[in-house]
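Have a look at the structure below, then the notes.
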Amino acid sequence: MKKFILIFFIICFINANASEIKSLEESFKNIKNDGDKSLLLMQRCAAIYGALSVMPPIELNPNDLQTRYKIFLQSAVSQEIQNEVNIDEEESYKKQLDIFKSSLVFFIQIFDQNYKKSNSYFNNTWVEKDYNMCQKL
């Protein structure tokens, strides 16, 4: 029940615009720095696993999904600290958490829309390709 209240809160108070998030493949074309690509990958994986962890029951273990999104979120913090000279861990964590929350809302909306259309959260979409990249890590 707490998960659904949290999701409701996030959806009500954070506006996720579908045009803001593109596939990793498309996004990587515009990023030259490997550290920035790695940061985006960590952020994306955290959001995908986070969204999957609160979706109605699926074949994946919710505890495993929660562990994964937390690991990727912390990895994003570490990568950002490595990329940026003047940022401390607390500042980075707050920033990455904000990015995570807005991305989480976006992916929950996408998963919900996809499920209504095709009875699958992301099969045959760009999100599936992003998810597959995350699984390799």
Side-chain angles (χ1 to χ4, degrees):
M1 183 67 173
K2 288 182 182 180
K3 286 183 187 178
F4 295 109
I5 293 171
L6 174 66
I7 297 305
F8 178 76
F9 175 78
I10 291 171
I11 289 173
C12 289
F13 294 102
I14 298 176
N15 181 21
N17 185 345
S19 65
E20 292 176 9
I21 299 182
K22 300 174 185 167
S23 72
L24 284 170
E25 185 178 320
E26 187 176 340
S27 297
F28 285 164
K29 291 177 184 176
N30 300 320
I31 300 173
K32 304 295 181 221
N33 181 307
D34 286 341
D36 291 341
K37 287 180 182 180
S38 181
L39 177 59
L40 177 60
L41 181 61
M42 297 303 120
Q43 292 167 336
R44 179 65 50 87
C45 293
I48 288 173
Y49 283 123
L52 286 172
S53 74
V54 296
M55 297 305 291
I58 56 175
E59 60 275 359
L60 303 172
N61 180 339
N63 291 331
D64 182 47
L65 294 168
Q66 289 175 4
T67 299
R68 288 177 186 231
Y69 89 71
K70 290 173 184 176
I71 290 169
F72 280 112
L73 184 58
Q74 186 58 48
S75 296
V77 170
S78 297
Q79 185 64 51
E80 183 177 45
I81 292 169
Q82 186 177 4
N83 289 1
E84 306 226 3
V85 177
N86 296 323
I87 192 165
D88 66 13
E89 187 172 359
E90 184 177 336
E91 182 182 353
S92 178
Y93 186 77
K94 287 178 185 177
K95 182 179 172 185
Q96 293 306 315
L97 194 56
D98 287 342
I99 292 168
F100 171 76
K101 288 175 184 176
S102 63
S103 297
L104 180 70
V105 171
F106 172 81
F107 282 106
I108 289 171
Q109 291 171 348
I110 289 295
F111 291 163
D112 188 50
Q113 289 171 7
N114 287 345
Y115 197 82
K116 288 175 183 175
K117 290 179 187 175
S118 64
N119 208 29
S120 170
Y121 290 126
F122 50 74
N123 283 347
N124 300 317
T125 67
W126 63 265
V127 180
E128 182 178 30
K129 292 179 182 176
D130 285 9
Y131 174 75
N132 289 336
M133 287 177 120
C134 295
Q135 280 190 306
K136 293 177 183 178
L137 301 177

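Because the structure is a prediction, the values reported are computed rather than measured. Note that the numbering runs from 1 along the sequence shown for the chain.
Within the 4.5 Å cutoff, no side-chain heavy atoms of Tyr69 are placed close to those of Ile48. Glu89 places a side-chain heavy atom less than 4.5 Å from the side chain of Gln74. Side-chain contact check for Thr67 versus Lys70: every heavy-atom pair is 4.5 Å or farther apart. Side-chain contact between Phe28 and Lys22 is absent, with no heavy atoms from C-beta onward closer than 4.5 Å. Counting heavy atoms from C-beta on, the side chains of Leu41 and Leu137 come closer than 4.5 Å.
Contact record, Leu73 with Ala46: N-CB, 3.7 Å, taken as the closest heavy-atom pair. Nearest heavy-atom pair across Ala51 and Leu104 is N-CD1, 3.1 Å. Between Ala47 and Ser103, the shortest heavy-atom contact is CB-CB, 3.5 Å.
Here the straight-line distance linking atom CD of Gln96 with atom CD1 of Ile87 works out to 7.5 Å at 0.5 Å rounding. Atom CG of residue Leu24 and atom CG of residue Asn132 lie 11.0 Å apart, to the nearest 0.5 angstrom. Rounded to the nearest 0.5 angstrom, Phe107 CZ and Asn114 CG are separated by 10.5 Å. One distance of note links CD of Glu80 with OG of Ser38; it measures 12.0 Å at 0.5 Å rounding. Note that OH of Tyr49 is 8.0 Å distant from CG of Leu52, once rounded to the nearest 0.5 Å. In this structure, the separation between CD1 on Ile99 and CG on Leu39 is 7.0 Å, given to the nearest 0.5 Å.
Dense packing is recorded around CZ of Phe100, with more than 12 heavy atoms of other residues, nucleotides or ligands lying under 6.0 Å away. Residue Glu25 qualifies as open at atom CD: its count of foreign heavy atoms under 6.0 Å is 12 or below.
Legend: residues meeting salt bridge (Lys or Arg N to Asp or Glu O under 4.0 Å) with Asp36, ordered by chain and number and at least two apart, are absent. Take Glu90 and apply the salt bridge (Lys or Arg N to Asp or Glu O under 4.0 Å) test, not counting sequence neighbours, and it matches Lys94.
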Residue pair Tyr121, Val127: steps toward the side-chain contact (heavy atoms from CB on, under 4.5 Å) verdict: CA-CA 9 Å; Tyr121 290 126; Val127 180; over 6 Å; no
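The list of disulfide (SG to SG under 2.5 Å) pairs with a residue in residues 97-137, not counting sequence neighbours, reads Cys45-Cys134.
Gln135 and Tyr131 are linked by a side-chain donor-acceptor pair at a separation below 3.5 angstrom, with hydrogens and angles left out of the test.
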